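Reading through the structure tokens given below for one structure.
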2 protein chains.
Amino acid sequence: MGYILLTGGAGYIGSHTALELLNAGFSVLSFDNFSNSSAEALNRVQQLTGKNLISIQGDIRDEAALRQLFSQYAISAVVHFAGLKAVGESTQLPLHYYDNNVAGTVTLCRVMRDFGVKKLVFSSSATVYGDAKQVPIPETAPRSATNPYGQSKLMIEHILEDLVKAEPDWGITLLRYFNPVGAHDSGRIGEDPSGIPNNLMPFISQVAVGKRASLSVFGNDYPTHDGTGVRDYIHVVDLARGHVKALQYLQHNTGIEAINLGTGTGYSVLDMVNAFSRVNAVSVPFTIAPRRPGDIATCYAQPGKAKALLGWQAEKTLDDMVRDSWRWQQANPNGYSR
Amino acid sequence: MGYILLTGGAGYIGSHTALELLNAGFSVLSFDNFSNSSAEALNRVQQLTGKNLISIQGDIRDEAALRQLFSQYAISAVVHFAGLKAVGESTQLPLHYYDNNVAGTVTLCRVMRDFGVKKLVFSSSATVYGDAKQVPIPETAPRSATNPYGQSKLMIEHILEDLVKAEPDWGITLLRYFNPVGAHDSGRIGEDPSGIPNNLMPFISQVAVGKRASLSVFGNDYPTHDGTGVRDYIHVVDLARGHVKALQYLQHNTGIEAINLGTGTGYSVLDMVNAFSRVNAVSVPFTIAPRRPGDIATCYAQPGKAKALLGWQAEKTLDDMVRDSWRWQQANPNGYSR
């Protein structure tokens, strides 16, 4: 068995997956342009596991660099994390998002095909469900996009579906992430957003550590148990293990499957704030702000397909999520020392 | 006023548009990789108009070549024809289609933006209406895709819409072509499909000229006046003039508009065969074959928006279409001498 190539392997989910793969005995090759990640994450993964991985700096849009990579290393499968992921930024820089995410994926797949590598785990997102009409959301729910980031994920799903129709010997898993949070319980690797965090948990952590004054809670009049938006938060270590399971599944299966990675349980913004305060014994000042356009009230996964097909389910608790987020934040107040 | 850049300028619609643009006084720069077209078409355009254009061989996926082009020539607007267009082939080679059509368009737009060129006429297609539920089809009809070719056109529409939302100083027209047929009435330029034609009219012409034994009519049990499929055939010279009108419109307008280019009238397969035989006094042997999966019964445009916004409407008749197709076929039995 050759290397598992992780594009974007130094990112938040990539680095946690690298760690789980090394622990499961896989050989790991990371290819990352470090545009929104740090090589230090992979150094720490090696320290934590006591195992080596190979880290190459490069961009998936650079076809020559990809061909060089596939020539040089025996690659048996790819986990494709590389991509831009900030919703707000995507509305400002749509060409940048379509270039990185969509064109980048097409280039990656063309090179994979030319080198006979046809096992792919793709980082999709629950965002492809758009404004979901029902919860829990099954994989068969209608898809739509509400911003260029989501549109790029949806386009890639369509492209990969067409690819498998044309070449049925591919094995592709579309992993639709819900809301990844938390960090490795060592506190050594975690989410290191640049600038103002787009997501709730890093924001809570930065408020708790004193880096930001207060959390804005966008809307407290949604039809939920406390009026704030409900999401399916999933511990990043659970998520990472889902990738290991998907790769093991692809060792014996071709075709394409979309699979939700979520817990199946929704927590509100205030649930998260309260759990964070309670478990970590810190205060998280917040203020109620108007709803953000485009936000929906409630979103959580129907997680049964992952259990049935991959034998995977989330195991970490809400308390694990907030404890591990805080441990990472306290130990690394400036992330990977930028 | 600088050059109008025609990507894919040597193709069927590109060459007819080059001719109309030259006749209307525009300066024309063609950029074509000649993967499915011939430089000879542009030689003839120059002979027919008595005017010169610039023809550069290159590929829109080659960012460096595009940057060179935009550096070297003062370009004021782009008509983006370049793209692959065979539905059947697209299901076999989806990555090739997404790479050429989608990634190519993203690269083109990135370079345009960097050079401050923000006027774009895009070759879209009625295929974005998928299996349309109602005819005539207005521009506001729901969109969907039934194959990778159509999906690529739909993705590009989404990308360009997001681009204009982010940068409102762009002016973009999505021209949704119905079924282009015919040729310039000189018989000197026309459609030159490689291999077995995908479209009805070149197939009829090749049967009439004796190159193929018989036309297969796919289905004669559709709910139409004679049981065969009904489409909105539009003369390529009318279509070309629509592009001139769109460019003139963009001289004074920003934002994005999708505009049907069709006649608003549907003709059946047998209508076309009969008109071809009657006008050209040739016989077109045909046999009835089973329906093709994915074909719909009836498709024609609601053409009013083009009239209202561009002051354009189709002027050529069905007899013009079949006469001009035949004149081109007879004078060029092997197309541009391949």
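Owing to the predicted nature of the structure, the values given are computational and were not obtained by experimental measurement. In what follows, chains are A, B, ... by sequence order, proteins preceding strands, each numbered from 1.
Nearest approach of A:Leu95 to B:Val106, heavy atoms of both residues: O-CG1, 3.8 Å. For B:Ile159 against A:Met155, the heavy-atom pair with the smallest separation is CG1-CE, 3.7 Å.
The environment of B:Tyr3 atom OH is sparse: at most 12 non-hydrogen atoms of other residues, nucleotides or ligands sit within 6.0 angstrom.
The structure places CG of A:Asp162 at 12.0 Å from CG of B:Leu93, a figure rounded to the nearest 0.5 Å. In this structure, OG1 in B:Thr105 is found 13.0 Å from OH in A:Tyr98, a value given to the nearest 0.5 Å.
Looking only at heavy-atom pairs under 4.5 Å with chain B, the residue among A:Arg113, A:Glu167, A:His158 that has the most is A:His158.
Looking at A:Arg61, neither its backbone nor its side chain comes within 4.5 Å of chain B, counting heavy atoms on both sides.
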